[in-house]
> 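Here it is: the structure, laid out below.
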Protein chains: 2
Amino acid sequence: MNLENTDPSLPTFDDCLKKIRAIDDTMELLSGKWKLSILSRLCYKPMRYSEILNDIEPLSGKVLSRELKDLETNGLIIRCVSGTKPPSVTYSVSDYGMSLRDLSDKIAEWGLQHRDRIRSSFKRSDL
Amino acid sequence: MNLENTDPSLPTFDDCLKKIRAIDDTMELLSGKWKLSILSRLCYKPMRYSEILNDIEPLSGKVLSRELKDLETNGLIIRCVSGTKPPSVTYSVSDYGMSLRDLSDKIAEWGLQHRDRIRSSFKRSDL
DNA sequence: CTGTATCCAAATAGATACTG
DNA sequence: CAGTATCTATTTGGATACAG
């Protein structure tokens with residue numbers, strides 16, 4: 001028994017694999033627990049290193065450095081140094097990073113409806 | 001200097017935090033390198049345990065079991081046992097799991113355009 | 001066939017101290 | 001202030017053997 005579709009209008013297994021690769025590309029960029037969280041905060045307003053560190057409670061400096069570097073390397077955020085002393089470094093979202101905004105909105109949207117679903121299923125099981 | 005917006009039509013910082021929590025909810029569900037990959041395959045066709053294992057090369061049985069269990073616990077896939085001997089277990093995507101399809105399409109879409117961007121930036125630097 | 005249990009290797013995260 | 005280096009703790013993954 002072969003459950004694969006044979007209708008040419010439906011996606012082929014090859015389409016499926018292409019999609020998986022594309023998903024992996026995105027997820028690799030966004031992997032790391034904090035990337036989207038950092039990005040969302042920076043979408044709201046530019047922030048300094050220490051500000052982000054204080055804002056995201058259980059986040060160590062080492063991890064933050066790495067996440068920021070990853071995001072910058074991928075062109076999603078911009079690191080801006082004002083050469084004062086003590087130094088001040090401000091991170092902001094690049095135009096390209098902003099192109100993730102629609103996606104992160106969709107992700108958030110699904111999370112919200114999922115939470116509603118969980119809540120209402122609890123209610124049902126309370127009966 | 002406070003860079004926060006004060007325009008009431010723009011999102012507040014509280015909106016921003018809510019969004020981040022919603023994103024975390026989604027990402028927690030989809031975390032684990034293989035969840036979306038498994039889900040996408042199952043969207044294409046129902047598959048058996050061993051079939052998935054053979055299909056995704058660098059994936060161990062232990063990890064696959066856990067991922068499948070997670071996905072099932074969250075109601076995203078359905079585990080169907082035909083009590084033959086030897087046993088046969090088929091996994092398929094639930095209606096609820098299908099609600100992730102739009103999202104995973106968006107994720108794939110962004111990945112594709114990102115790949116194009118990378119490629120064209122390589123071309124430019126080759127000049 | 002479909003898993004689980006165990007053991008071991010590798011990756012990741014936190015804390016702390018330290019540099020420019 | 002903005003990081004980096006180091007060490008250690010925790011998490012995660014693979015391989016193998018084994019059970020139902």
Side-chain angles (χ1 to χ4, degrees), chain A residues 1-3 20 23-24 27-39 41-42 45-74 76-94, chain B residues 1-3 20 23-24 27-39 41-42 45-74 76-94:
Chain A
M1 179 176 64
N2 183 356
L3 293 169
I20 290 169
I23 288 176
D24 285 345
M27 295 308 272
E28 195 184 324
L29 230 81
L30 300 182
S31 72
K33 226 173 153 182
W34 307 110
K35 294 231 171 64
L36 275 175
S37 185
I38 294 169
L39 225 37
R41 280 164 213 272
L42 296 184
K45 65 167 178 173
M47 291 172 87
R48 297 172 57 172
Y49 179 86
S50 55
E51 212 176 345
I52 304 174
L53 201 55
N54 290 323
D55 217 32
I56 306 183
E57 200 33 63
L59 179 57
S60 70
K62 191 178 74 171
V63 175
L64 179 57
S65 302
R66 202 203 47 209
E67 301 285 66
L68 289 172
K69 209 174 290 179
D70 284 355
L71 290 170
E72 197 199 353
T73 303
N74 284 297
L76 297 171
I77 63 173
I78 292 167
R79 180 173 177 274
C80 176
V81 184
S82 37
T84 50
K85 198 173 190 290
S88 164
V89 180
T90 303
Y91 293 91
S92 56
V93 180
S94 68
Chain B
M1 180 177 63
N2 183 355
L3 293 168
I20 290 168
I23 289 176
D24 285 345
M27 296 307 273
E28 195 183 324
L29 231 82
L30 301 182
S31 73
K33 226 174 151 181
W34 306 111
K35 294 231 171 63
L36 275 174
S37 185
I38 294 169
L39 224 38
R41 280 164 213 272
L42 296 184
K45 65 167 179 173
M47 291 172 87
R48 297 173 57 174
Y49 179 86
S50 54
E51 211 176 345
I52 304 174
L53 201 55
N54 289 324
D55 216 34
I56 305 184
E57 201 30 66
L59 179 57
S60 70
K62 191 178 74 169
V63 175
L64 179 57
S65 303
R66 200 202 50 209
E67 300 285 64
L68 289 172
K69 208 175 290 178
D70 284 354
L71 290 170
E72 197 200 354
T73 303
N74 283 297
L76 298 171
I77 63 172
I78 292 167
R79 181 173 178 273
C80 177
V81 184
S82 36
T84 51
K85 199 171 188 293
S88 165
V89 180
T90 303
Y91 292 92
S92 57
V93 179
S94 69

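Residue numbers begin at 1 in each chain, while the letters A, B, ... track the order of the sequences. For clarity, every value in this text was computed on a predicted model and none was experimentally measured.
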> With a cut-off of less than 4.0 Å, is there a side-chain N or O of A/S65 near OP1 or OP2 of D/dT4?
yes
> Return the value, rounded to whole Å, for the distance between atom CG of B/L64 and atom P of C/dT4.
10 Å
> Pull out every protein N or O sitting under 3.5 Å from an N or O of nucleotides 18-20 of chain D, one pair per line with the distance.
none

> Do any side-chain nitrogens or oxygens of B/R48 fall under 4.0 Å of OP1 or OP2 in C/dT2?
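B/R48 to C/dT2 OP1/OP2: side-chain N or O found under 4.0 Å.
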> Drop me the distance from A/D55's CG to A/R48's CZ, to the nearest 0.5 angstrom.
14.0 Å
> Considering the options B/I56, B/I52, B/I38, B/L39, which one meets the side chain to side chain contact (heavy atoms under 4.5 Å, CB included) requirement together with B/E67?
B/I38
> Is it the case that the side chain of B/S31 and the backbone of B/E28 share a donor-acceptor pair, with hydrogens and angles ignored and the cut-off at 3.5 Å?
yes
> Any idea which heavy atoms bring A/Y91 and A/L42 closest together, and the distance?
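Of all heavy-atom pairs spanning A/Y91 and A/L42, the closest is O-CD2, 3.5 Å.
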> From CE of A/M47 over to P of D/dA2, roughly how many Å is that when rounded to an integer?
11 Å
> Would you tabulate the pairs of protein nitrogen or oxygen atoms and nucleotide nitrogen or oxygen atoms of nucleotides 7-9 of chain D closer than 3.5 angstrom?
none

> Side-chain N or O of A/K69 versus OP1/OP2 of D/dT4: is the shortest distance under 4.0 Å?
yes
> What is the distance, to the nearest angstrom, from the CD atom on B/E67 to the P atom on C/dG3?
14 Å
> Over how many whole Å does the gap from B/E51 atom CD to C/dC1 atom P extend?
12 Å
> For A/S37 versus B/I20, what's the shortest heavy-atom pair and its separation?
OG-CG2, 3.5 Å
> Any idea which heavy atoms bring B/P46 and B/T90 closest together, and the distance?
CB-CG2, 3.7 Å
> B/L53 CG to D/dT16 P: how many Å, rounded?
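To the nearest whole Å, that distance equals 14 Å.
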> Hey, is the main chain of B/S65 close enough, under 3.5 Å, to the side chain of B/Y49 for a donor-acceptor pair?
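Side chain of B/Y49 to backbone of B/S65, a donor-acceptor pair under 3.5 Å: no, none is there.
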> Grab the CD1-C1' distance between A/I77 and D/dA2 for me, whole Å please.
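To the nearest whole Å, that distance equals 14 Å.
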> Could you state the CZ-C1' distance from B/R79 to C/dG3, rounded to the nearest angstrom?
8 Å
> Could you give the OH-to-P distance, from B/Y91 to C/dC1, as a whole number of Å?
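Result: 14 Å.
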> Check whether any side-chain N or O of A/R66 sits under 4.0 Å from OP1 or OP2 of C/dA13, and answer yes or no.
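Yes, within the criterion.
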> Is there a donor-acceptor pair under 3.5 Å between the side chain of B/S82 and the backbone N or O of B/S88?
yes
> If I compare all heavy atoms of A/L59 with all of A/L53, which pair ends up nearest, and what's the gap?
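Here A/L59 and A/L53 meet closest at O-CD1, 3.3 Å.
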> Of the listed nucleotides (C/dC1, C/dG3, D/dA2), which one gets closest to any side-chain atom of A/S50?
D/dA2
